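Contents: one structure, followed by commentary.
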Amino acid sequence: RAGRTGDTRLRAERGPSAAAARSLVGLLREKWALFALSAAAAAVTWTVQSHTGSVLHSISLPQRLGNAALSYWRYIGKLFRPDRLAPYYPLEPIRWASVSLALAGIVLVSLAVLRLRRSAPYLLTGWLWYLGTLVPVIGIVQVGRQAYADRYTYIPCVGLLVALVWGVADLARARRAARIAVTAAGLLAVTGLGLVTARQVSFWRDSLTLFRHTLAVTHGDAFSHQSLAVALADAHHEQEAIAEYRRAIAADSTRADTHYELASILARERRFSEARREFESAERLAGGDPELALREGEVAVDQGDRAAAEAYFRRALALKPGYVEALDRLGVLLALRGRPSEAVTELRLASEWTPRDPQVHMHLALALLRLGGHDAEAASHLRAALRLEPGSVEPCNELAWLLVTSSDPGVRDVNEGLRLSERALRLPGGADANVLDTRAAALAAAERFGEAGIVAVRAAAVARGAGQDSLARSIEAHAALFGRGLAVGGTRAMPKGAAGGRGTR
């Protein structure tokens with residue numbers, strides 16, 4: 001009996017610790033699936049971010065660890081004082097004295113909550129929650145160029161709030177005065193946070209406001225200057241945008257995209273020599289980017305250097321075979337250079353690659369008309385363009401012109417041409433001189449010469465008013481034909497701006 005009593009006492013003494021151990025093992029076994037899911041998600045994230053180039057290896061491990069230690073306290077500061085917030089906080093030089101203080105603070109708090117684990121277990125739970133859930137995003141693996149980010153605070157700060165709420169509840173439970181004080185403090189906190197929130201929300205009104213605010217509350221890195229430059233360019237503040245791009249390059253001259261975007265806006269401002277220098281800088285940094293070669297070709301078109309433009313478009317195709325935009329630009333350029341057969345070859349290939357691109361169909365149709373003898377094929381491509389983009393005036397107008405001027409009896413259809421010319425007038429851009437000229441030609445083809453003459457006079461006046469003197473003279477020649485009871489026959493020229501960009505319809 002004594003032996004059994006001793007065994008019972010021994011089991012009782014060992015019981016709590018053994019039960020705790022068994023409980024811990026049980027908890028771990030219970031949650032193994034969640035650990036497995038977390039590991040799988042981490043592996044997938046690492047793989048994707050590595051392949052996209054988002055993981056930065058240029059920042060040393062000591063720098064990343066130092067930034068992580070500082071960021072633990074930055075997030076706590078943002079929780080209790082949520083002002084001077086920004087969408088992007090750039091990496092800053094590490095001050096190792098500050099890092100040492102941050103690490104010492106983490107250790108001291110950890111020891112304190114560990115010591116209070118029995119009397120206030122919520123402090124340990126909340127603190128470990130905070131420390132642990134920040135590990136994946138604290139910057140030990142550096143994804144992106146930010147030092148820290150407000151979006152990473154939401155889940156980790158739940159732990160801090162657990163510690164805060166349970167701690168305040170313990171304090172308030174003791175005395176009635178404490179409950180009154182806690183209630184008053186809570187009301188003040190909610191009021192203050194509401195005011196701060198209203199102010200922060202105002203900065204998100206638009207990109208201009210947001211990135212001006214970002215530069216005001218951070219030390220102004222290349223990314224923030226570039227983001228403001230993009231917003232300024234979108235708002236048509238080109239000169240301010242150029243200045244911001246130059247500030248971005250002064251902060252970091254190694255980013256090809258900044259040089260590229262600056263070159264693009266300089267080209268739009270027709271500052272071609274400056275644009276060319278920036279394109280060259282971007283090309284040195286990017287090393288064989290087909291989009292860059294394409295944009296250089298478009299700038300060369302705008303400059304009137306068609307030989308250089310052709311070389312750039314061919315370079316883009318060499319870097320990226322089947323590059324549809326380069327095929328399209330090259331085809332239009334070859335047509336403008338009086339080489340319609342080569343143009344048709346390139347544009348047919350572009351059409352095969354992207355059969356649902358209305359602009360490619362449009363350009364191929366015009367090149368076929370320039371080549372001659374392909375009215376039926378040109379009409380089919382114009383119909384495809386109109387079907388894909390029924391609200392666009394250009395394919396509607398060009399198809400109407402072809403139907404009333406073609407010498408091919410299988411293509412010519414005056415009645416449909418009349419309907420399409422009237423439809424083109426009602427579409428956005430229908431007051432254009434070309435559209436009015438087509439309408440006049442359609443009326444003449446239907447032997448309504450008096451109406452045709454009136455519309456032609458109006459079309460010529462519109463062309464003169466737009467400074468299109470060459471077009472005005474052509475329309476006046478058509479009006480003279482109508483006066484003699486004759487209709488128009490012929491093809492329209494390839495649009496000169498088509499090789500310069502997809503927005504130049």
Side-chain angles (χ1 to χ4, degrees), residues 35 38-39 41-43 45-46 48-50 53-117 120-167 193 196 200 214-224 251-252:
F35 287 119
S38 298
T45 302
W46 167 266
V48 171
Q49 298 285 19
S50 296
S54 298
V55 177
L56 301 184
H57 300 286
S58 57
I59 302 168
S60 68
L61 181 59
Q63 287 178 305
R64 282 179 271 145
L65 292 173
N67 180 66
L70 292 169
S71 293
Y72 271 109
W73 294 104
R74 289 166 176 155
Y75 288 130
I76 292 174
K78 294 293 182 184
L79 175 64
F80 290 101
R81 188 184 172 185
D83 66 343
R84 297 178 66 82
L85 303 180
Y88 178 77
Y89 301 100
L91 285 162
E92 301 178 14
I94 297 296
R95 295 184 177 87
W96 293 106
S98 300
V99 171
S100 300
L101 288 173
L103 287 171
I106 291 170
V107 170
L108 288 173
V109 172
S110 300
L111 291 174
V113 297
L114 189 62
R115 187 169 183 177
L116 295 168
R117 68 186 182 279
Y122 48 80
L123 295 178
L124 180 61
T125 299
W127 181 246
L128 292 180
W129 175 304
Y130 175 68
L131 293 182
T133 54
L134 266 176
V135 168
V137 293
I138 201 65
I140 297 171
V141 176
Q142 185 69 39
V143 178
R145 296 176 178 271
Q146 73 281 343
Y148 55 102
D150 296 335
R151 62 185 178 275
Y152 295 150
T153 62
Y154 304 125
I155 292 175
C157 284
V158 169
L160 296 179
L161 292 171
V162 165
L164 176 65
V165 170
W166 265 256
L193 290 172
V196 171
Q200 289 299 324
T214 301
L215 287 167
V217 300
T218 65
H219 69 259
D221 68 311
F223 174 80
S224 299
D252 182 359

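Remember, it's a predicted structure, so these values are computed and weren't measured experimentally. Any value given below was found using the heavy atoms of this structure, including those in side chains, with hydrogens, waters and symmetry copies removed.
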If the plane angle is over 60° it's perpendicular, under 30° parallel, otherwise tilted; pick one for Y89 and Y148.
parallel
Within the 4.5 Å heavy-atom criterion, are P121 and W166 side-chain neighbours or not?
no
Side chains of V162 and W129: closer than 4.5 Å at any heavy-atom pair?
no
Rounded distance (nearest 0.5 Å) linking atom CG of L124 with atom CG of L116
9.5 Å
So how far is it from L111 CG to I106 CD1, rounded to the nearest 0.5 Å?
12.0 Å
Could you tell me if the side chain of L164 sits less than 4.5 Å from the side chain of F80, heavy atoms only?
yes
Straight-line distance of L65 CG to L70 CG, nearest 0.5 Å:
11.0 Å
To the closest 0.5 Å, what do you measure between CD1 (I76) and OG (S71)?
11.0 Å
Does Y122 use its side chain to pair, donor to acceptor, with the backbone of R117 at less than 3.5 Å?
no
State, yes or no, whether a side-chain contact exists between D221 and D252 at a heavy-atom distance under 4.5 Å.
no
Can you tell me how far OG of S224 sits from OH of Y88, rounded to the nearest 0.5 angstrom?
6.5 Å
Say you draw a straight line from CD1 of I138 to CZ of R64; how long is it, rounded to the nearest 0.5 Å?
13.5 Å
Heavy-atom count around W127 CH2 within 6.0 Å, excluding the residue itself: above 12?
yes
Does atom CD1 (I155) have a neighbourhood of more than 12 heavy atoms from anything else shown, all under 6.0 Å?
no
So for atom CZ, which belongs to R115, do other residues, nucleotides or ligands contribute more than 12 heavy atoms lying within a distance under 6.0 Å?
no
Does T153 form a side chain to side chain donor-acceptor pair (under 3.5 Å) with D150? I'd like the steps, not just the answer.
CA-CA 6 Å; T153 62; D150 296 335; 6.0 Å; no
